[in-house]
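Below is one structure, written out as structure tokens, with a few remarks after it.
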Amino acid sequence: MASQESASLLKRLAGPSSGKAGLAKDQTEINRIIAEASKGSKFYEARLLNKHNEKRKDKELTERINKLLKAREEALRNVDISKIELNVDRIVVELESQRDLSQTIVHVDMDAFYANVELLHNPDLKDKPFAVGYGVLTTASYEARKYGCRSGMASHIAKKLCPELILVPNNFSRYSEMSSRIMDIFSRYDPNMCPAGADEAYLNITEYCAQHDISPDDCVQEMRKAVFDDTKLTVSAGIAPNKVTRDLVKLICSDRNKPNGQFRLEFESKAIFEFMKDLSIRKVPGIGRVSERLLDSIGVKTCGDIFVQRAVISLLDKQFGLGLRSLLQTGLGIASNVVAPHQREERKSIGVERTFHTISDKEKLFEKLKEISEELEKDMSEGGWAGSTVTLKYKLDTYQVFTRAKSSTRWITKKEDLLAIGKELLVPELPLSLRLIGLRVTSLKDLRLSDSVGIKRVGAFW
DNA sequence: AGATGAAGGACCC
DNA sequence: GGCCAGGGTCCTTCACGG
């Protein structure tokens, strides 16, 4: 039991960068270097000091799993499994009958976007291992990926993996400028296209293909060429009857990490199911480390396992937050095929946060808060937003994060107000040694809208 | 009893 | 040389005024 516990704690400490596929360097070698480099880092030390918290979280998860297993045992007693499976199968039939294969949905994803934009500005970087970002990598060039460097990885660890790694600072204005150029091109193929971040988008090209009497494959080929001709940036794409995640696109169309390609999923239930079957459950959007372990505990590792364990999932439906139907849809590869642009009124919050070298001095912390208030005021006025709740976020030098919020009856827009409320929230907490401060405003009001109440729309992915 | 606010987390790009 | 970001969304749990 004790060793099991520590194994799971290790897994937690290993962080998100483990378990991904490697390339030129052997993965076990990469893991070794990462583990070794992590040991010396402040982050790791802080987490060790912070073991209490880590252990607590880990224990809670373990408890949740034990509870789940117990509930399963309980539920499985005196129950006719095949009968339950039959019930689930009825749902499957129903879901299957509702499957809509009439739309052609494309997921486009710029290849190593930030890195390639930087490359355009500095051709010297060509064929060199480089990465964008400082503290953590935002993107790694393909050359750098061969050494195991990935986005989200701490830069000092990346340096260990690849000592020649060149680090380039983020140039967000560059990326967003390039992004809108690319999105404009996508819009020609679907005016209702939905951007998903700066470097990817969902499109419904059904109309376009019909009007231009062109096959989806050719259409996407043409679109990718249009982007390349205009920007010299390459884009990968996945074509399916409904939305498919970037992970899937990468997985299928790219033989692992080969960019600049496209792939069309066979528009046929059986083929889609075959494809989903061996896919790790972790690739499903919304399933992160925690849910992965929860599912793993009842024997669900792949999307196909959802069906193997359908009786148990059905019995435990409530306890587990993930919902039987949506899991079945996942397993069947059924997702939404509605592509619509984001609505302004869907915006829920706006915030700014900054990391810095640890500060304990009160006045210096106020100074940071002031800078953040100014940035936030700028973002809010540019976006045309006011808000009534202000949330202060701070991270200790031990990496523990806290938030403190205050709602007001007025609409906040000005930096003076932001600063005042920020201070008000921060002062009772002092003294503190902080490495991050942030402010976020919620309960927004759209200043560009007269004062109508927007119609809410739901944008479920699956 | 159900809303609502606050705090903490999981997840995503 | 740099030493684990910063923009979000959504969900759960707890407490409490009217």
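To find a chain, count down the sequence lines: A is the first, B the second, and so on, and within it residues start at 1.
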From CD of A:Glu346 across to C1' of C:dT9 the rounded distance in Å is 11 Å
Is the backbone N or O of A:Gly299 less than 3.5 Å from a side-chain atom of A:Lys301, with the two atoms forming a donor-acceptor pair by type? no
In whole angstroms, the gap separating P of C:dG7 from CG of A:Leu439 amounts to 11 Å
Applying a 4.0 Å non-hydrogen cut-off, can you work out what A:Lys395 is touching in the nucleic acid: base, sugar-phosphate, or nothing? sugar-phosphate
**Request:** Describe the nucleic acid contact of A:Leu137 in one word from base, sugar-phosphate, nothing, applying a heavy-atom distance below 4.0 Å.
**Result:** nothing
Of the candidates C:dG8, C:dG7, C:dG2, the side chain of A:Glu353 sits closest to C:dG7
Checking C:dG8, C:dA5, B:dC11 against the side chain of A:Thr355 (C-beta onward), the nearest is C:dA5
Check: residues 417-432 of chain A side-chain donor-acceptor pairs under 3.5 Å, at least two apart:
from	atom 1	to	atom 2	distance (Å)
A:Asp417	OD1	A:Arg410	NH2	3.4
A:Asp417	OD2	A:Arg410	NH2	3.3
A:Glu424	OE2	A:Lys406	NZ	3.3
A:Glu429	OE1	A:Tyr394	OH	2.8
A:Glu429	OE2	A:Arg404	NE	2.9

- Query: If we take the P atom in both C:dC3 and B:dC11, what is their distance in whole Å?
  - Reply: 29 Å
For A:Ser141 and A:Phe130, indicate whether the former's side chain and the latter's backbone hold a donor-acceptor pair under 3.5 Å.
yes
- Query: Looking for any heavy atom pair under 4.0 Å, which part of the strands does A:Gly438 touch: base, sugar-phosphate only, or nothing?
  - Reply: nothing
*If we take the C1' atom in both C:dA15 and B:dA1, what is their distance in whole Å?*
15 Å
The nucleotide from B:dC13, C:dG7, B:dC12 with an atom nearest the side chain of A:Asp199 is B:dC13
Here the distance between atom P of B:dC12 and atom NE2 of A:His342, to the nearest Å, is 16 Å
* Asked: Are A:Thr403 and B:dG8 close enough that a side-chain N or O sits under 4.0 Å from OP1 or OP2?
  -> yes
Does B:dG9 have OP1 or OP2 under 4.0 Å away from a side-chain N or O of A:Arg289?
no
Does C:dC4 have OP1 or OP2 sitting under 4.0 Å from an N or O in the side chain of A:Arg435?
yes
Taking 4.0 Å as the cut-off, does a side-chain nitrogen or oxygen of A:Thr391 come that near to OP1 or OP2 on B:dA6? no
- [ ] Kindly say if A:Tyr399 contacts the phosphate of C:dC4, meaning a side-chain N or O under 4.0 Å from OP1 or OP2.
- [x] yes
* Under a 4.0 Å N-O cut-off, is there an ion pair linking A:Arg354 with A:Glu371? -> no
Discussion item. One thing to verify: whether A:Glu177 and A:Arg181 come together as a salt bridge, which I'm taking to mean a side-chain N less than 4.0 angstrom from a carboxylate O.
Written reply: no
(Q) Students often get this wrong, so: under 4.0 angstrom with heavy atoms, is A:Ala198 touching a base, only sugar-phosphate, or nothing? (A) nothing
Taking the same atom, C1', in B:dG2 and in C:dC14, what whole-Å distance lies between them? 14 Å
Original post:
For A:Thr389, which contact category applies under a 4.0 Å heavy-atom criterion: base, sugar-phosphate, or nothing?
Top reply: sugar-phosphate
Of the candidates B:dC13, C:dA5, B:dC11, the side chain of A:Thr138 sits closest to C:dA5
Result for 5'-nearest mapping on DNA chain C, choosing between A:Gly135 and A:Glu375, is A:Gly135
Problem set entry | OP1 or OP2 of B:dG8 under 4.0 Å from side-chain N/O of A:Arg404 | yes
Would A:Lys395 pass as a cation-pi partner of A:Tyr399, given that its NZ or CZ must be under 6.0 Å from the six-membered ring centre and within 45 degrees of the axis?
no
Here the distance between atom C1' of B:dA7 and atom CD of A:Glu429, to the nearest Å, is 11 Å
Checking C:dC4, B:dC12, B:dG5 against the side chain of A:Arg282 (C-beta onward), the nearest is B:dC12
Of the candidates C:dC10, C:dG8, B:dA7, the side chain of A:Lys348 sits closest to C:dC10
- Query: Can you tell me if A:Ser179 uses its side chain to pair, donor with acceptor, with the backbone of A:Ala198 under 3.5 Å?
  - Reply: yes
In whole angstroms, the gap separating C1' of C:dG6 from CG of A:Asn170 amounts to 9 Å
Looking at A:His357, does any N or O in its side chain come under 4.0 Å of the phosphate oxygens OP1/OP2 on C:dG2? no
So what does A:Gly133 hit on the nucleic acid, given a heavy-atom distance under 4.0 Å: a base, only sugar-phosphate, or nothing?
nothing
Rounded to whole Å, CG of A:Asp111 lies from C1' of B:dC13 at a distance of 15 Å
With the side chain defined as heavy atoms from C-beta on, A:Ser291 is closest, among B:dC11, C:dA5, C:dG8, to B:dC11
Discussion item. Quick check on C:dG8: is either OP1 or OP2 less than 4.0 Å from any side-chain nitrogen or oxygen of A:Arg440?
Written reply: yes
Ranking C:dC3, C:dT9, C:dG6 by distance to the side chain of A:His156, first place goes to C:dC3
- Message: Does A:Val352 reach a base, just sugar-phosphate, or nothing at all? Heavy atoms under 4.0 Å.
- Response: sugar-phosphate
Regarding the side chain of A:Arg354, the nearest nucleotide among C:dA5, B:dC13, C:dG7 is C:dG7
Testing C:dA5, C:dG8, B:dG5 for proximity to the side chain of A:Ser349, the answer is C:dG8
query = Can A:Lys415 and A:Glu375 be counted as an ion pair, charged N to O under 4.0 angstrom?
reply = no
